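Every heavy atom of this structure was used, including side-chain atoms; hydrogens, water molecules and symmetry mates were not. Bear in mind the structure is a predicted one, so any value in this text is a computation, not a measurement.
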Amino acid sequence: WIRLRMASNIICMHDHKRARRLLFEITSEIPYPNFAIDKNSVSFENISFNHPNELKLYNVSSVSIGVQCIKYLTWSYRETETMSAVCVLHQYGWPYFRSEFKEMIQSNEFRKGFRYGEFLNFVVNVDVLEEFMFMLSSPSWTIHITPDSTSTSTEQKEMIIKHVQQLYRKPSVETVIKSFSLTQTANKA
């Protein structure tokens with residue numbers, strides 16, 4: 001978790017690209033239970049970054065480190081206003097991040113226009129997909145989750161349904177997060 005602490009310091013220096021690269025490296029090495037992370041399986045009270053010169057070693061689970069990585073990545077992407085990445089990241093700590101996800105989708109910024117053409121390549125959590133089905137059915141949100149931004153809400157909902165049907169044949173959560181990590185570090189990260 002020393003690399004996690006380094007990433008935290010790098011984010012504080014506003015070097016988001018470098019911090020994300022390190023955090024994605026860490027997340028690619030950690031097994032993620034298939035959306036079975038709850039508040040009781042994560043122990044962050046043992047990880048303290050309040051005093052940078054004070055290094056405390058604790059027995060912290062890989063799940064705790066993985067969720068902390070997602071928290072830092074989420075913080076970094078929020079700093080640079082990238083809601084699509086935050087949305088993708090929240091699913092990997094599901095249901096731990098459910099309340100943060102719901103808060104994000106209720107924001108005015110999200111309601112006014114969420115666009116992410118690669119959405120179906122990286123969102124594999126059925127609960128998150130259900131939320132998008134609901135939002136696409138409501139006039140309160142403006143959402144475009146397909147590569148073709150001219151797709152209607154009905155067409156987008158049909159694509160989600162097909163996507164959910166294919167999820168049973170899709171690769172593991174770890175494979176998808178590694179793929180997302182690669183796209184984020186290869187691009188603008």
Side-chain angles (χ1 to χ4, degrees), residues 20-21 23-42 61-78 82-107 110 113-138 141 143-149 151-189:
R20 289 175 191 161
R21 190 175 302 119
L23 289 164
F24 279 125
E25 181 182 305
I26 296 167
T27 59
S28 70
E29 297 168 1
I30 296 173
Y32 282 84
N34 280 324
F35 311 117
I37 299 173
D38 62 18
K39 302 273 184 194
N40 297 326
S41 67
V42 180
S61 72
S62 62
V63 171
S64 296
I65 290 174
V67 170
Q68 192 66 30
C69 281
I70 293 170
K71 281 185 167 191
Y72 285 146
L73 284 164
T74 300
W75 178 34
S76 174
Y77 280 109
R78 279 191 178 148
T82 312
M83 285 190 301
S84 57
V86 173
C87 182
V88 169
L89 290 167
H90 278 164
Q91 75 175 334
Y92 295 110
W94 201 266
Y96 187 88
F97 290 111
R98 179 180 290 152
S99 60
E100 288 90 341
F101 174 79
K102 294 222 180 224
E103 183 180 314
M104 179 184 70
I105 65 174
Q106 293 299 327
S107 72
F110 191 93
F114 177 83
R115 292 188 186 291
Y116 189 42
E118 296 183 70
F119 180 85
L120 295 175
N121 293 334
F122 301 113
V123 176
V124 294
N125 182 310
V126 175
D127 291 338
V128 172
L129 293 167
E130 277 182 11
E131 290 293 335
F132 274 86
M133 285 289 284
F134 170 77
M135 290 184 284
L136 285 165
S137 299
S138 171
W141 284 273
I143 295 175
H144 297 282
I145 58 169
T146 59
D148 178 14
S149 62
S151 297
T152 66
S153 291
T154 303
E155 291 169 333
Q156 291 181 83
K157 288 191 292 187
E158 288 171 2
M159 290 181 82
I160 289 176
I161 291 168
K162 287 178 186 172
H163 184 64
V164 169
Q165 292 169 345
Q166 293 174 352
L167 283 178
Y168 295 103
R169 297 184 296 258
K170 282 261 181 176
S172 69
V173 171
E174 286 140 2
T175 304
V176 176
I177 196 167
K178 285 177 185 178
S179 175
F180 179 70
S181 299
L182 288 172
T183 63
Q184 294 301 298
T185 55
N187 294 339
K188 58 202 172 289

Tyr116: which residues meet the ring-ring contact (aromatic ring centres under 6.0 Å, His included) condition with it, sequence neighbours left out? none
When rounded to the nearest 0.5 angstrom, what is the spacing between CZ in Arg20 and OG1 in Thr82? 5.5 Å
Salt bridge (charged side-chain N to carboxylate O under 4.0 Å, His left out) contacts touching residues 121-137 (sequence neighbours left out): Arg98-Asp127, Lys102-Glu131
Just so I know, are the side chains of Glu158 and Thr154 near enough to count as touching, which here means a heavy-atom distance under 4.5 Å? yes
Output the distance between atom CG (Leu89) and atom CG (Leu73), rounded to the nearest 0.5 Å. 5.5 Å
So, taking the atom named OG1 in Thr146 and the one named CD in Glu118, what distance separates them when rounded to the nearest 0.5 Å? 12.0 Å
When rounded to the nearest 0.5 angstrom, what is the spacing between CZ in Phe134 and NZ in Lys157? 11.0 Å
Relative to each other, are the rings of Phe101 and Phe132 parallel, tilted or perpendicular (30° and 60° limits)? tilted
Donor-acceptor contact present, side-chain Ser76 to main-chain Tyr72, <3.5 Å: no
Sub-4.5 Å side-chain heavy-atom contact between Ile145 and Phe114: yes
What is the distance from atom CD of Gln68 to atom OG1 of Thr74, rounded to the nearest 0.5 Å? 10.5 Å
Short side-chain to backbone donor-acceptor contact, His163 and Val123, under 3.5 Å: yes
With a 4.5 Å cut-off on side-chain heavy atoms, are Ile160 and Leu136 touching? yes
Between Thr27 and Tyr92, is there a side-chain heavy-atom distance shorter than 4.5 Å? no
Met159 versus Leu120: any side-chain heavy-atom pair under 4.5 Å? yes
Can you tell me if CD on Glu103 sees more than 12 non-hydrogen neighbours from other groups inside 6.0 Å? no
From the list Tyr77, Trp75, Phe97, side-chain contact (heavy atoms from CB on, under 4.5 Å) with Val86 holds only for Tyr77
Is there a side-chain contact between Ser84 and Phe122, using heavy atoms and a 4.5 Å cut-off? no
Keeping Ser138 on the side-chain end and Met135 on the backbone end, is there a donor-acceptor pair under 3.5 Å? no
